[in-house]
Q: 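Sharing a structure below in structure tokens format, with a few things to ask.
When reading the values below, keep in mind they use all heavy atoms of this one structure, side chains included, and skip hydrogens, waters and symmetry mates. Just so we're on the same page: letters track the sequence lines, and every chain starts at 1.
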Amino acid sequence: MHHKVVVVGGNRIPFAKAGGPYARASNHDMLTAALDGLVARAGLAGERLGEVAGGAVLKHPNDFNLTREAVLSSALAPETPACDLQQACATGLETTMYIANKIALGQLTNGIAAGVDSASDAPISVSDPLRRILLQASRARSAKERLAAFAKVRPAHLAPAAPRVAEPRTGLSMGDHQALTTTRWHIDRASQDELAAASHHRLGEAWGRGFFDDLVTPYLGVTRDAVLRPDTSVEKLGTLKPAFGGPDGTMTAGNSTPLSDGAAAVLLASEEWAAEHHLTPWARIVDAEVAAVDHPGGADLLLAPVGATGRLLARQGLTVDDIDLFEIHEAFASTVLATLKAWQDEDYCRALGLDGPIGTIDRDRLNVTGSSLAAGHPFAATGARIVPTLAKLLHERGPGTRGLISVCAAGGQGVVAILEAV
Amino acid sequence: MARDVETFEALPAMGAAFARALVPSRATEARIPGHAVRVDGVAQDLDRFADYARVCGFTLRDAVPATWIHVLTFPLHVALLGDRRSSVRLVGAVHATNTMTMRRSVGVGERLSLEVHADNLRPHARGAMLDLVGRAEVEGETVWEGVSTYLATGMTAPGEAAAVEREPWEPVQPIARWRLPADLGRSYRRVSQDPNLIHTSRVAARAFGFARPIIHGMWTHARALAAVEGRLPEAHRADVAFLKPILLPATVGLAVSPNVEGLRLAVTTKDGAKPHVLMDVGPAR
């Protein structure tokens with residue numbers, strides 16, 4: 001990279017369970033709120049920024065220019081351009097890399113990367129046959145033709161289709177796929193519940209010490225992540241019934257992320273721009289890699305980041321021992337646990353083309369302020385939640401400390417990135 | 001002189017007061033109540049606010065727009081002019097101009113004290129004019145002020161009517177087109193709780209001389225404010241003149257141009273030939 005790219009701030013609204021306090025808010029509303037909070041904190045009202053990249057996974061057709069429209073509703077200058085990107089659950093990390101790469105190339109000096117999702121305000125579409133009839137009717141040149149089109153409507157066509165978090169090629173939900181991985185990697189129930197409880201406890205502690213005071217802006221009366229249960233325990237989580245994997249399944253609503261609403265944004269800049277704007281650089285973006293596995297050829301749907309992690313570390317001449325903090329997105333507790341096992345598995349890593357196992361890490365370095373199980377997971381927002389969180393954690397630890405982010409995504413994909421405190 | 005303040009326990013229900021406000025006044029001499037009406041601890045209903053934001057085109061934010069606080073004070077307008085000490089009736093009075101100032105950003109979670117009094121009764125070439133002066137406070141701090149000026153047509157007030165100077169209108173080129181559906185009056189009634197039938201009933205509209213229902217001026221005001229949301233400083237002001245009602249359904253134009261301190265928005269006929277509503281926005285003074 002030619003220019004050093006630094007994370008100088010971030011903002012999100014507290015995340016909440018779908019159908020909860022943000023049930024009335026749209027992606028546009030939440031993304032605007034996340035942007036405006038960031039703009040207010042960084043003192044950028046009325047400024048023309050280089051670019052804003054954002055996206056949503058569940059998107060209404062008329063939101064084709066979602067991010068640009070949010071910019072126009074925000075306090076940023078209307079001359080700030082924007083674009084929409086989508087990389088499933090890795091969207092917020094992919095938008096970060098899109099802006100970071102442009103800054104690195106000298107095309108931008110600054111920009112905002114963002115993501116938003118509302119599972120509450122998800123688009124409902126009409127059935128495919130009805131959609132074709134409606135299109136035919138709209139093309140009709142006479143009342144007779146229009147009538148002929150409508151005459152084809154059958155009652156079964158009228159059932160609305162809600163979006164499903166299912167893989168188009170397999171028909172399996174994300175949870176169903178992860179249940180296969182959970183079994184394959186022998187992840188037991190107790191370790192999943194322990195990881196989930198730790199996530200809640202750590203996120204609760206971080207809120208308690210004011211860590212999120214400059215990373216979150218209240219929205220619609222919500223001042224703290226509404227999914228968070230700091231008083232949960234392994235015992236309480238142990239009472240929940242399996243949600244995926246059948247009656248003997250180990251994955252529950254407690255160790256899986258809930259459908260969530262929320263938005264997050266990251267402010268990225270060149271060092272010069274940050275200095276001109278009196279913003280403290282927290283960490284620089286070192287490198288990133290996007291990867292995919294053989295899907296639906298039988299590979300674990302959510303383990304694509306493993307290969308990317310190995311290649312990225314090798315490219316940078318680093319090992320896991322050079323990384324101080326790890327942020328592995330908790331799509332499910334068992335995703336994190338399977339990822340850690342895969343990192344240690346020589347055969348698995350060699351099959352990916354790596355020289356050997358990635359390595360073993362100390363849990364004290366993993367998701368130290370909790371992750372998606374406790375915070376919630378508005379799909380596209382998660383990456384933009386993690387980047388500023390990790391950047392600030394690294395900044396607290398001092399220059400040179402490194403962090404690695406691993407985010408799995410639908411379609412058997414994933415994005416991995418390395419940050420280093422400056 | 002300190003004004004008497006009648007404090008209500010809660011915002012008055014609009015039904016009864018509105019019924020009284022509907023009864024035509026036989027008086028020709030305009031009289032206004034000297035007291036203020038007030039209600040404390042008003043909680044804002046998030047669901048209703050979300051509906052309001054949708055109907056008017058606002059992004060749903062933590063901070064509420066100035067026009068929303070006007071809507072919250074509206075039951076006090078009705079109560080004040082429905083009072084026996086008032087010979088002016090709200091129904092039939094024409095909302096001529098409106099001025100609002102946000103002193104600071106107000107969150108939807110904040111509890112408000114709302115107070116309204118009538119003031120400045122004066123003669124006008126077509127009747128009597130008066131101001132309904134509103135204020136919203138949060139813990140004693142004034143956060144919002146609003147002055148709604150009404151014309152009670154055919155009524156008299158002491159004094160000589162000042163000559164009204166209307167700025168000449170030059171046709172403009174609209175940069176936006178709004179399509180207002182026939183049921184917009186109903187949608188806005190649901191969120192504003194303004195039950196005036198002139199906005200929803202053809203029969204009632206005819207009784208007041210309109211061929212079709214007309215959209216609430218405060219909807220048009222809110223829609224125009226929403227068009228420039230994000231451009232307004234935290235403390236801002238909006239001055240509006242309601243010049244010509246919009247009959248529903250309608251397609252109207254919006255023209256935006258800079259003015260001395262901020263922006264001038266003109267809601268016009270589709271072609272920009274005639275103005276419906278003019279709004280100037282800028283920093284609070």
Q: Against chain B, label A:T32 side chain, backbone, both or neither, depending on which of its atoms sit under 4.5 Å from a heavy atom there.
A: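 Contact with chain B involves the side chain of A:T32 alone.
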Q: By a 4.5 Å heavy-atom criterion (distance strictly below it), what part of A:T217 contacts chain B: side chain, backbone, both, or neither?
A: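 Neither part.
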Q: Do you know which of A:P218, A:P78, A:G221 has the most heavy-atom pairs under 4.5 Å to chain B?
A: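 Max contact count across the listed options: A:P78.
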Q: Can we say B:R237 and B:E261 salt-bridge, meaning some charged N sits less than 4.0 Å from an Asp/Glu carboxylate O?
A: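 Here B:R237 does not pair with B:E261 in a salt bridge, since their nearest N and O are not under 4.0 Å apart.
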Q: Check whether more than 12 heavy atoms from other residues, nucleotides or ligands sit under 6.0 Å from atom CZ of B:R104, and answer yes or no.
A: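 More than 12 within 6.0 Å, yes.
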Q: With a 4.5 angstrom heavy-atom cut-off, which part of A:A25 approaches chain B: side chain, backbone, both or neither?
A: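 Contact with chain B: backbone and side chain both.
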Q: Is B:L60 close to chain A through its backbone or its side chain, or both, or neither, when contacts mean heavy atoms under 4.5 Å?
A: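 For B:L60, backbone and side chain are both near chain A.
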Q: Here's one to test your reading of the geometry: is the NZ or CZ of B:R135 within 45 degrees of the ring axis of B:W144 and under 6.0 Å from its centre?
A: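 No - B:R135 does not lie over the ring of B:W144 by the 6.0 Å and 45° rule.
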Q: Does NZ or CZ of A:R12 lie under 6.0 Å from the centre of the six-membered ring of A:F15, at an angle within 45° of the ring axis?
A: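 Geometry flag: set, cation within 6.0 Å and 45°.
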Q: Does CZ in B:R177 sit with more than 12 non-hydrogen atoms of other residues, nucleotides or ligands closer than 6.0 Å?
A: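 Result for CZ/B:R177: open.
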